[in-house]
Peer 1: 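The structure that follows is given in the form of C-alpha cells.
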Amino acid sequence: MIDNSYKWYPVYTKSRAEKKAYQELQKKNITCYLPLRRELRQWSDRKKWVEEPLFKSYVFVHISSKEYPEVLMTQGISRFVYFSGKIASMPQKQIEDLKLLLANGDDLEIIEHEIEPGERVLVNAGPFKGMIAELISIKNKRSLVLKLEALGYAIHINTSMAYIEPLA
C-alpha cells in the first residue's frame, strides 16, 4: 500500500555534498531542510566564518512515498536512511525543535562518539593536541577532568568534547 501522507525523512548524501544536494532538491520543488551552523575556520593566512552542515552527510526531505524515486534521482543524494528494514521517518516536531535550537544562536556541538569516565582518550585538537589521558569526569561539554598518564596527575581543562576521541 502506498502512503500518500507527507513525512520528514532523513536521507544520506554523498560525502561533502550536503549543500549541493539541498540546492538540487530545491530546484525540483521538494521541501527539504539542511540544518547549518556557523563555525570559525582557521587557514594559514586568515580566519573566516563558514556555514557547515550540523549533521555530516544528511539532508531532510518532506515528501510522500510516491516521491521516493525523485529524491533518489537527485544529484548528491546517496540513499534513504533505514531503521528496522523500513525507510526511517521523523516527527514534524523534531524538525521544528531543531529549527528552533538553531535559530536560538547557541553554539551547538555534535559529538559522534560516546565517551564514558574511565576511558582512555586522545585529545586531537586545541592546545592539548596529542595528549593521551584517562577521562575522569565531564563537568559540562566544554569542561573535562583528565588524568595525565605520564604524570599521574588529574587536570581540569576547558576543551570541547568534540576534540577528544576514545582510544581503542
Side-chain angles (χ1 to χ4, degrees), residues 1-44 46-117 119 121-126 135 138 140-144 159-168:
M1 184 171 130
I2 295 176
D3 183 7
N4 287 325
S5 63
Y6 280 74
K7 296 178 184 174
W8 283 100
Y9 298 95
V11 292
Y12 283 120
T13 66
K14 293 180 177 155
S15 180
R16 303 182 57 80
E18 302 92 348
K19 290 180 182 178
K20 183 67 174 169
Y22 175 73
Q23 291 169 346
E24 293 296 320
L25 288 165
Q26 286 184 316
K27 284 181 188 174
K28 293 182 174 187
N29 292 320
I30 294 174
T31 304
C32 52
Y33 177 55
L34 174 61
L36 297 171
R37 65 181 170 140
R38 284 178 42 100
E39 190 175 282
L40 186 62
R41 285 285 173 96
Q42 172 76 48
W43 282 269
S44 61
R46 69 191 185 283
K47 289 183 181 181
K48 183 179 178 183
W49 285 99
V50 294
E51 285 194 323
E52 288 292 321
L54 185 62
F55 304 106
K56 291 179 180 155
S57 298
Y58 282 95
V59 173
F60 302 94
V61 294
H62 192 242
I63 59 170
S64 68
S65 59
K66 67 182 179 187
E67 294 167 293
Y68 289 171
E70 190 65 30
V71 170
L72 289 174
M73 290 188 295
T74 303
Q75 184 179 351
I77 298 295
S78 180
R79 62 186 171 90
F80 280 93
V81 176
Y82 283 80
F83 184 73
S84 296
K86 296 181 181 178
I87 293 177
S89 66
M90 297 177 61
Q92 174 78 28
K93 174 111 173 74
Q94 283 185 350
I95 297 293
E96 289 169 4
D97 290 347
L98 186 55
K99 287 179 180 180
L100 188 61
L101 277 171
L102 288 170
N104 191 18
D106 287 342
D107 187 20
L108 291 181
E109 175 176 25
I110 301 298
I111 300 166
E112 296 179 7
H113 40 258
E114 291 279 326
I115 302 175
E116 298 291 328
E119 287 189 55
V121 297
L122 170 67
V123 181
N124 57 21
L135 179 65
I138 303 168
N140 58 44
K141 293 209 189 284
R142 295 203 181 272
S143 182
L144 314 169
T159 192
S160 171
M161 282 290 289
Y163 291 167
I164 66 170
E165 64 183 57
L167 289 174

Peer 1: How long is the span from the CD atom in Glu18 to the OG1 atom in Thr13, to the nearest 0.5 Å?
Peer 2: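 If I round to the nearest 0.5 Å, the distance is 4.0 Å.
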Peer 1: Go through the structure and list residues passing side-chain contact (heavy atoms from CB on, under 4.5 Å) with Lys48, not counting sequence neighbours.
Peer 2: Trp43, Val50
Peer 1: Of all the heavy-atom pairs spanning Ser57 and Lys14, show the shortest one and how long it is.
Peer 2: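 Shortest heavy-atom contact: OG-O, 4.4 Å.
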Peer 1: Are the side chains of Tyr58 and Leu34 in touch, meaning some heavy atoms are under 4.5 Å apart?
Peer 2: no
Peer 1: Do Leu25 and Ile77 have side-chain heavy atoms sitting under 4.5 Å apart?
Peer 2: yes
Peer 1: Considering residues at least two apart in sequence or located in another chain, which fulfil the side-chain contact (heavy atoms from CB on, under 4.5 Å) criterion with Pro35?
Peer 2: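 Residues passing side-chain contact (heavy atoms from CB on, under 4.5 Å) with Pro35: Tyr33, Leu54, Phe55, Phe60, Leu98, Leu102.
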Peer 1: Ring-plane angle category for Tyr68 and Tyr9, please: parallel below 30°, perpendicular beyond 60°, tilted otherwise.
Peer 2: perpendicular
Peer 1: Is there side-chain contact between Lys99 and Ile95, with heavy atoms separated by less than 4.5 Å?
Peer 2: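 Contact flag for Lys99/Ile95 side chains = yes.
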Peer 1: Among residues two or more places apart or on two chains, list those pairs meeting salt bridge (charged side-chain N to carboxylate O under 4.0 Å, His left out) that have a residue in residues 76-85.
Peer 2: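 Applying salt bridge (charged side-chain N to carboxylate O under 4.0 Å, His left out) to every pair that reaches into residues 76-85, excluding sequence neighbours, yields nothing.
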Peer 1: Could you pull out all residues at least two apart from Lys27 that satisfy side chain to side chain donor-acceptor pair (under 3.5 Å)?
Peer 2: Glu24
Peer 1: To the nearest 0.5 angstrom, please state how far the CG atom of Leu40 sits from the CZ atom of Arg38.
Peer 2: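 Leu40 atom CG to Arg38 atom CZ measures 9.0 Å (nearest 0.5 Å).
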Peer 1: Under the side-chain contact (heavy atoms from CB on, under 4.5 Å) test, which residues partner Glu96, sequence neighbours left out?
Peer 2: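 Gln92.
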Peer 1: Please round to the nearest 0.5 Å and tell me the distance separating atom SG of Cys32 and atom CH2 of Trp8.
Peer 2: 7.5 Å
Peer 1: How would you list, by chain and number, every residue that makes a side-chain contact (heavy atoms from CB on, under 4.5 Å) with Gln23, sequence neighbours excluded?
Peer 2: Lys20
Peer 1: Just distance, no hydrogens or angles: give the donor-acceptor pairs under 3.5 Å from side chains in residues 69-76, sequence neighbours left out.
Peer 2:
from, atom 1, to, atom 2, distance (Å)
Glu70, OE2, Lys28, NZ, 3.3
Thr74, OG1, Lys28, NZ, 3.0
Thr74, OG1, Glu70, O, 2.9
Thr74, OG1, Val71, O, 3.1

Peer 1: Nearest 0.5 Å please: distance from the CD1 atom of Ile63 over to the OG1 atom of Thr31.
Peer 2: 10.0 Å
Peer 1: Arg41: what forms a side chain to side chain donor-acceptor pair (under 3.5 Å) with it, not counting sequence neighbours?
Peer 2: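 Counting only residues at least two positions away or on another chain, Arg41 forms a side chain to side chain donor-acceptor pair (under 3.5 Å) with Glu39.
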Peer 1: Are Tyr12 and Phe80 close enough that some pair of their side-chain heavy atoms sits under 4.5 Å apart?
Peer 2: no
Peer 1: Looking at residues at least two apart in the chain, or sitting in another chain, which of them share a side chain to side chain donor-acceptor pair (under 3.5 Å) with Lys93?
Peer 2: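 Partners of Lys93 by the side chain to side chain donor-acceptor pair (under 3.5 Å) criterion, ordered by chain and then number, come out as Asp97.
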